[in-house]
Amino acid sequence: MPRPRKRSSSRLASPAGFPKNFTWGSATAAYQIEGAWQRDGKGPSIWDQFTHEQGKVFESHHGDTACDHYRLWRDDVRLLRDLGVDAYRLSIAWARVLPNGTGQPNAKGLAFYDRLIDALLAAKITPWVTLYHWDLPLALQKRGGFLNRDMVEWFGDYTALVAAKLGDRVRHWITINEPQVVTGLGLQDGVHAPGLKLPYAECLRAAHHVLLSHGRAVQALRAGCRGPVKISLANCGPVALPHTRRRRDIEAARRQYFSATAPNMWNLAWWADPIVLGRYPADGLQAHAAHLPEIRTGDMKLIAQPIDCLALNCYNGYPVRAGPGGKPERVPGGWGPGNPRGTLPWLEISDAALYWSARFQTERYQLPIVFSENGFCNTDFVHRDGAVHDPQRIDYLGRYLGGLQQAVREGVPVEGYFYWSLLDNFEWAEGYKDRFGLVHVDYRTQKRTPKDSYHWYRDLIASSRALAGRAPNPALPKA
Ligand code: FCB
């Protein structure tokens, strides 16, 4: 009897067509994996304080040990090498290198990152370093954090220190991770550290300081690194997706994606327009006129320091259609009840998110795009056969990467993709319950088990490289 043909559930038909210099990567962030929260002279961060307060995080989980990466980093570099990635995005814990945020550096903290960068380079993996992934030194929060304009210089000085130490080897930098979340969840909604619930005007003031800090960091990187560097800031947010391919729905989605009128921080244009175009978006200025911060002469110039690409953390989207007069409207009911999703409520699977975000953003900003995060969370566990089977993550990857491939095929300049995350890790207010990793972590024993998706992604990278005529990574062990 003929065997039934296996149907592929993924949209990624083949790994062909990615440009030769396409960057395949994976990402993590310091507080989510390092642990060692007070080892070797590290100072406390706002996340250390927040998680030590009972009830702030799911089941009062904290990052004191996390994935113990501070101790096990060699194993993790090996996992990256065997995965075959071109690049690894990591973040620096500011309070590890400057325990008080300013002043005396911590030599042991700097040495940790120094060794890590060397090990990555020896494994032929390009480091992409994020300077700020939410773990502000507590000492600086006590001085007002992002509400204090002095933050701009504090961040500039910290960046100069890191550039002086690592800038001879690190060429790829992300200044700030998700300003939307820094201000939205940390300062407006209070569900992330430092847990504030500020009036909107205060949030916009902090947002202005975040943007200025970014600009100052770009200057410090260009001045302090040796050789050419590639710099961006990583934005995030759900993508407005056209409900149909009709022109009016596409136009409605585009307008919705860049609309800056909602009185919250979940906004792309409020951040990307000042950085790339040198001005706040006009519709937002009008809508928030009563809450605007002081904008001093020279501010917009500092914010708009030239950057080299747009980094985007992209996970989800929602359907939008043209209403009466072409006005954008959300499709009622969104994706509908029972739609495919991850274990976190916002992670609704939206196959075309990478495609449309890349297309809309590169049109508006005329810069190449890099997906600095994209990934899927579930309740993965080690099965009785000792493996971690995660077909849903593989399906998710196939869908999203299929969209990315489509964008590349149409000539949209997408330069790289980083899967979030290499390891299961501390997912902020959600603690450890949702797992995003390609590698399962048993938090009691710290045993790492590569999931099925790890092998799938490894094979995809290898075939995409081969089809683009690239040699395999020479640091990879021979099969
Ligand atoms: C992003 C964060 C990252 C991780 C993923 C799931 O918003 O940058 O640290 O938590 O979401």
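Note that the structure is predicted; figures quoted are calculated from it, not measured. FYI, side chains are in, hydrogens and waters are out, and symmetry mates aren't considered; it's all heavy atoms of this structure.
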*Calculate, to the nearest 0.5 Å, the distance between atoms NE2 and SG belonging to H288 and C203 respectively.*
11.5 Å
*Does one side chain, of R321 or T244, offer a donor that lies under 3.5 Å from an acceptor on the other?*
no
*How far apart are the C-alpha atoms of N374 and L354, what are their side-chain angles, what is the distance that settles it, and do they pass the side-chain contact (heavy atoms from CB on, under 4.5 Å) test?*
CA-CA 9 Å; N374 168 250; L354 301 188; 4.1 Å; yes
*Residues D82, R78: salt bridge by 4.0 Å N-O rule*: no
*If you take all heavy atoms of L438 and S453, which pair is closest and at what distance?*
CD2-OG, 3.7 Å
*May I ask you to decide if the ring planes of Y132 and W94 are parallel, tilted or perpendicular, using 30° and 60° as cut-offs?*
perpendicular
_Under 3.5 Å donor-acceptor, Q361 side chain and A311 backbone_ = no
*Would you check, one step at a time, whether the test side-chain contact (heavy atoms from CB on, under 4.5 Å) holds for L221 with V218?*
CA-CA 5 Å; L221 288 170; V218 176; 5.8 Å; no
*Would you say R341's side chain and P345's backbone share a donor-acceptor pair under 3.5 angstrom?*
yes
_Looking at W24, is its backbone amide N or carbonyl O close enough to the side chain of Y419 to form a donor-acceptor pair, meaning the two atoms are under 3.5 Å apart?_
no
*So how far is it from Q406 CD to D351 CG, rounded to the nearest 0.5 Å?*
12.5 Å
*With N313, which residues qualify under side-chain hydrogen bond (donor to acceptor under 3.5 Å, both in side chains), at least two apart?*
N177, E178, S372, E373
_Any side-chain heavy-atom pair of F18 and R470 under 4.5 Å_ = no
*List the steps, then state whether side-chain contact (heavy atoms from CB on, under 4.5 Å) holds for W428 with Q32.*
CA-CA 7 Å; W428 308 111; Q32 295 178 275; 3.0 Å; yes
*Donor-acceptor under 3.5 Å (N316 side chain, W346 main chain)*: yes
*I117 and V129, any side-chain heavy atoms less than 4.5 Å apart*: yes
*Residue pair A322 / R248: nearest heavy atoms and the distance that separates them*: CB-O, 3.5 Å
*Side-chain contact test, heavy atoms from C-beta onward, threshold under 4.5 Å: evaluate it for V162 versus V170 and give yes or no.*
no
*How about N425 and W420: do any of their side-chain heavy atoms sit closer than 4.5 Å?*
yes
*What heavy-atom pair brings A220 and A160 nearest, and what distance separates the two atoms?*
CB-N, 4.1 Å
_By the definition side chain to side chain contact (heavy atoms under 4.5 Å, CB included), identify the one residue from R393, R435, K451 that meets it with V388._
K451
*asked:* Please verify the inter-ring angle class for H192 with W134; under 30° counts as parallel, over 60° as perpendicular, anything in between as tilted.
replied: tilted
*Q286, CD atom: more than 12 neighbouring heavy atoms under 6.0 Å*: no
_CD/E348: more than 12 non-hydrogen atoms of other groups inside 6.0 Å_ = yes
_Atom NZ of K433: over 12 foreign heavy atoms under 6.0 Å_ = yes
_Short side-chain to backbone donor-acceptor contact, R448 and C67, under 3.5 Å_ = yes
*With distance as the sole test, does Y454 use its side chain to make a donor-acceptor pair with the main-chain N or O of L83 at under 3.5 Å?*
yes
*Measure from the side-chain N and O atoms of S463 to the backbone N and O of P15, and report whether any donor-acceptor pair falls under 3.5 Å.*
no
_Consider side chain to side chain contact (heavy atoms under 4.5 Å, CB included). Of Y315, Y400, W335, which one does I349 pass it with?_
Y400
_Given V276, I275, N235, the one that forms side chain to side chain contact (heavy atoms under 4.5 Å, CB included) with L310_ = V276
*Output the distance between atom CG (D68) and atom CD (E34), rounded to the nearest 0.5 Å.*
10.5 Å
*Below 4.0 angstrom, N of the basic side chain to O of the carboxylate: do D308 and R171 qualify?*
no
*Taking S232 for the side chain and C309 for the main chain, is one N or O donor matched with an acceptor at less than 3.5 Å?*
yes
*Under a 4.0 Å N-O cut-off, is there an ion pair linking R255 with D283?*
no
_Exam field: side chain S26 to backbone L422, donor-acceptor pair closer than 3.5 Å_ = yes
*Under 4.5 Å between any side-chain heavy atoms of V439 and D424, yes or no?*
no
_Quick check with a 6.0 Å cut-off and a 45 degree axis cone: is R364 positioned over the face of Y257's six-membered ring?_
no
*asked:* Nearest 0.5 Å, please: how far is CD1 in I33 from CG in L423?
replied: 6.0 Å
_Is it the case that the ring center of Y432 lies less than 6.0 angstrom away from the ring center of F426?_
yes
*Going by heavy atoms in the side chains, are V412 and Y355 under 4.5 Å from each other?*
no
*Could you go through the salt bridge (Lys or Arg N to Asp or Glu O under 4.0 Å) check for R399 and D395 one step at a time?*
CA-CA 6 Å; R399 290 166 187 261; D395 190 71; 2.5 Å; yes
*Give, for atom NE2 of H214 and atom CH2 of W271, the distance between the pair rounded to the nearest 0.5 Å.*
11.5 Å
_Test side-chain contact (heavy atoms from CB on, under 4.5 Å) on V414 and F22; report intermediate values, then the result._
CA-CA 8 Å; V414 187; F22 191 80; 4.2 Å; yes
_Could you report the tightest heavy-atom contact between R222 and I307, atom names first, then the distance?_
NH2-CA, 3.9 Å
*Check whether any side-chain heavy atom of Y280 lies under 4.5 Å from a side-chain heavy atom of H208, and answer yes or no.*
yes
_R216 to F155, cation-pi by 6.0 Å centre distance and 45° axis angle_ = no
*Got a salt bridge between D118 and R115, using NZ or NE/NH1/NH2 to carboxylate O under 4.0 Å?*
no
*Grab the two heavy atoms, one from A260 and one from W270, that are nearest each other, plus how far apart they are.*
CB-CE3, 4.3 Å
*In sequence, state the C-alpha distance, the side-chain angles, and the governing distance for Y88 and T28, and then conclude on side-chain hydrogen bond (donor to acceptor under 3.5 Å, both in side chains).*
CA-CA 8 Å; Y88 172 52; T28 62; 2.6 Å; yes
*Would you call E251-R254 a salt bridge at under 4.0 Å N-O?*
yes
_Heavy-atom count check: over 12 atoms from other residues, nucleotides or ligands less than 6.0 Å from F58 CZ?_
yes
_Minimum-distance pair of heavy atoms, taken over all atoms of C225 and V229_ = CB-CG1, 3.6 Å
*Taking side chain as C-beta onward, heavy atoms only, is L166 less than 4.5 Å from I92?*
yes
*Scan R81, K124, R465 and name whichever one has a salt bridge (Lys or Arg N to Asp or Glu O under 4.0 Å) with D86.*
R465
*Starting from the C-alpha separation in whole Å, work towards a yes-or-no answer on side-chain hydrogen bond (donor to acceptor under 3.5 Å, both in side chains) for D273 and Y365.*
CA-CA 8 Å; D273 278 20; Y365 299 119; 2.6 Å; yes
*Side-chain donor or acceptor of Y396 paired with backbone N/O of G375 under 3.5 Å*: yes
